[in-house]
Amino acid sequence: IAQMAGSHLIFQGISQVAIKHFEDQRIGLAPIEKSTRYVNYSKKVGGKYLYYTDPTLKKLRLKTEYENAMDGLFDAYTDFIPKLSEYLTKKFPKEEKSVIEKKAFDTVRGLLPASTLSQVAFFGNGQAFEYMISRSGKHSLGEIRWAANEALEELYKVTPSFLRRLKDEDKKEAVDSYQEYLAGKGRRLAPAVEEVFKEKGTVSSDRQTKVRLLEHDLEGENKIIAGILYSAPNNHRGWKELLRRIRKMTEEEKKNILDKYLEGRTVRWQKVGRALENTYMRFETIVNIGAWRDLHRHRMLTQQRQNFSTHHGYDIPEEIKEAGLEEEYKGAIEPAQEVYEKIARHDPDLAQYAVTLAHRLRFMQWENLRQIFWKMEL
């Protein structure tokens, strides 16, 4: 039973695009990723900044332009750290040097592209890893296909029985078919989008950070209170009977039940009960990719995101503006935007590597009130 045992798996030197692809799976995998907020990414290895260049870019004759844009981002990132540290030290003269340094990393990380090489470690059970490899083995991006194959080889050394069917030559046709099905969703759906909107390449851009509540249950409060009473030790009534009675209660009576349910909860890390799972809400958010990374880690909810892109613009931190670095910041990002657009004409998946963490992303979360409660308090 592949859910009954787990392994640790570490990826080193893969891009943010690949890391987020693996983390998107969420269920069954517990990731811990190298921080972009507290770590300096300006160091070179072999005279080169650490970012991924896909071989396909050479065939598209965009490799040189892409690398110039990526080098420009890392040059600006490297240059901004001491300048911003100096500004922050003057603004907060009593603050410790290490705190100033981390604040500088956090502020300039928007210049890091999604091609930035980093590392991530997962703990997962056998079933989760098998699915991770299956959904990655035929991916359109070569980096992800390579990483999935390497993961299979490493995990097979430890838990071969959980991954045997991926290696079984007699089942190769079925495995390939399944992987093609999983990886081909985007290719199958792209024409459908154009058909729905009757125009090729139509993009809905929204150049403003925002959160929208799209959908909620008008009877959510009643259902939560019904959930509270449903499991009370002296209740043996059915759900419909409880809900009928609660609909007739006054607001004060409802509030009294909610107060009793949360009585004794004194700090935010104390979990609220399952009764709050009885109502759901749908949020759509547009926020920069750096900020989305923190919201992305909440695994126990339904989350869907769109491709990394430049369609929604990008954020410039207030500290960058205050330090007089705004024009330099824009000057580093704009070449990356231009090369993104050129790559996207050929391959929108491949173009993601040129997007920065400052660029905004549209994503959606469908979550119950218990999940929202936990996330908002964090």
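Just so you know, these numbers come straight off a predicted model, no measurement behind them. Starting from 1, each residue takes its place in the sequence as its number.
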Between Lys172 and Asp168, does any NZ, NE, NH1 or NH2 come within less than 4.0 Å of an OD or OE carboxylate oxygen? no
Non-hydrogen atoms of Gln179 and Ile133 that approach each other most closely: NE2-O, 4.1 Å
With a 4.0 Å cut-off on N to O distance, would you call Glu67 and Lys63 a salt bridge? yes
Going by atom type alone, with no hydrogens or angles, which donor-acceptor pairs under 3.5 Å involve a side-chain atom of residues 274-296 and a protein atom two or more places apart or on another chain?
| residue | atom | partner | partner atom | Å |
| --- | --- | --- | --- | --- |
| Arg274 | NH1 | Glu277 | OE2 | 2.9 |
| Glu277 | OE2 | Arg370 | NH1 | 2.8 |
| Asn278 | ND2 | Ala275 | O | 2.9 |
| Tyr280 | OH | Asn368 | ND2 | 3.4 |
| Arg282 | NE | Glu215 | OE1 | 2.9 |
| Arg282 | NH2 | Glu215 | OE1 | 3.3 |
| Asn288 | OD1 | Gly290 | N | 3.1 |
| Asn288 | OD1 | Ala291 | N | 2.8 |
| Asn288 | ND2 | Asp315 | OD2 | 3.0 |
| Trp292 | NE1 | Gln303 | OE1 | 3.2 |
| Arg293 | NH1 | Gln16 | OE1 | 2.4 |
| Arg293 | NH1 | Glu33 | OE2 | 3.1 |
| Arg293 | NH2 | Glu33 | OE2 | 3.4 |
| Asp294 | OD1 | Arg297 | NH2 | 3.0 |
| His296 | NE2 | Asp24 | OD1 | 2.7 |

Is the shortest distance from a Lys or Arg side-chain nitrogen in Lys20 or Glu23 to a carboxylate oxygen in the other one below 4.0 Å? yes
Could you check whether Glu341 pairs with Arg345 (Lys NZ or Arg NE/NH1/NH2 to Asp/Glu carboxylate O, under 4.0 Å)? no
Pairs involving residues 137-147, ordered by first then second residue, that meet side chain to side chain donor-acceptor pair (under 3.5 Å) (sequence neighbours left out): Ser15-Glu143, Ser140-Asp349, Glu143-Tyr353
Less than 4.0 angstrom from a charged side-chain N to a carboxylate O is my criterion; do Lys330 and Glu327 meet it? yes
In terms of relative ring orientation, are Phe122 and Phe22 parallel, tilted or perpendicular, with 30° and 60° separating the classes? perpendicular
May I ask you to decide whether Asp106 forms a salt bridge with Lys102, counting only side-chain N to carboxylate O separations under 4.0 Å? no
Check this for me: does any side-chain nitrogen of one of Glu322 and Lys91 sit under 4.0 Å from a carboxylate oxygen of the other? yes
Verify salt bridge (charged side-chain N to carboxylate O under 4.0 Å, His left out) between Glu318 and Lys321, making sure each step is shown before the conclusion. CA-CA 5 Å; Glu318 288 302 315; Lys321 297 177 183 177; 3.5 Å; yes
Report yes or no: do Tyr77 and Asp75 form a side-chain donor-acceptor pair below 3.5 Å? no
Output, in order, the C-alpha distance, side-chain angles, deciding distance and verdict of salt bridge (charged side-chain N to carboxylate O under 4.0 Å, His left out) for Lys103 and Glu95. CA-CA 11 Å; Lys103 176 62 177 174; Glu95 194 56 81; over 6 Å; no
I need the Lys254 NZ to Asn256 CG distance, nearest 0.5 Å. 13.5 Å
Do NZ/NE/NH1/NH2 and the carboxylate oxygens of Glu180 and Arg187 come within less than 4.0 Å? yes
Does a side chain donor of either Asn307 or Ser309 reach within less than 3.5 Å of an acceptor in the other side chain? no
Should the heavy atoms of other residues, nucleotides or ligands under 6.0 Å from CG of Leu214 be counted, would the total exceed 12? yes
How close do Arg237 and Leu242 get, heavy atom to heavy atom, and via which atoms? O-CD1, 4.3 Å
So is Arg305 actually on top of Phe308's ring, under 6.0 Å and inside 45° of the axis? yes
So does Glu153 pair up with Lys167, basic N to acidic O under 4.0 Å? yes
Shortest non-hydrogen pair, Phe74 vs Leu50, comes out as CZ-O, 3.8 Å
Are any side-chain N or O atoms of Arg135 and backbone N or O atoms of Leu182, one a donor and one an acceptor, separated by less than 3.5 Å? no
Stepwise side-chain contact (heavy atoms from CB on, under 4.5 Å) check, Arg265 with Val272: CA-CA 8 Å; Arg265 184 176 185 268; Val272 294; 3.5 Å; yes
Just do the salt bridge (charged side-chain N to carboxylate O under 4.0 Å, His left out) check on Lys90 and Glu86 with the steps written out, would you? CA-CA 6 Å; Lys90 290 177 181 177; Glu86 182 181 355; 3.6 Å; yes
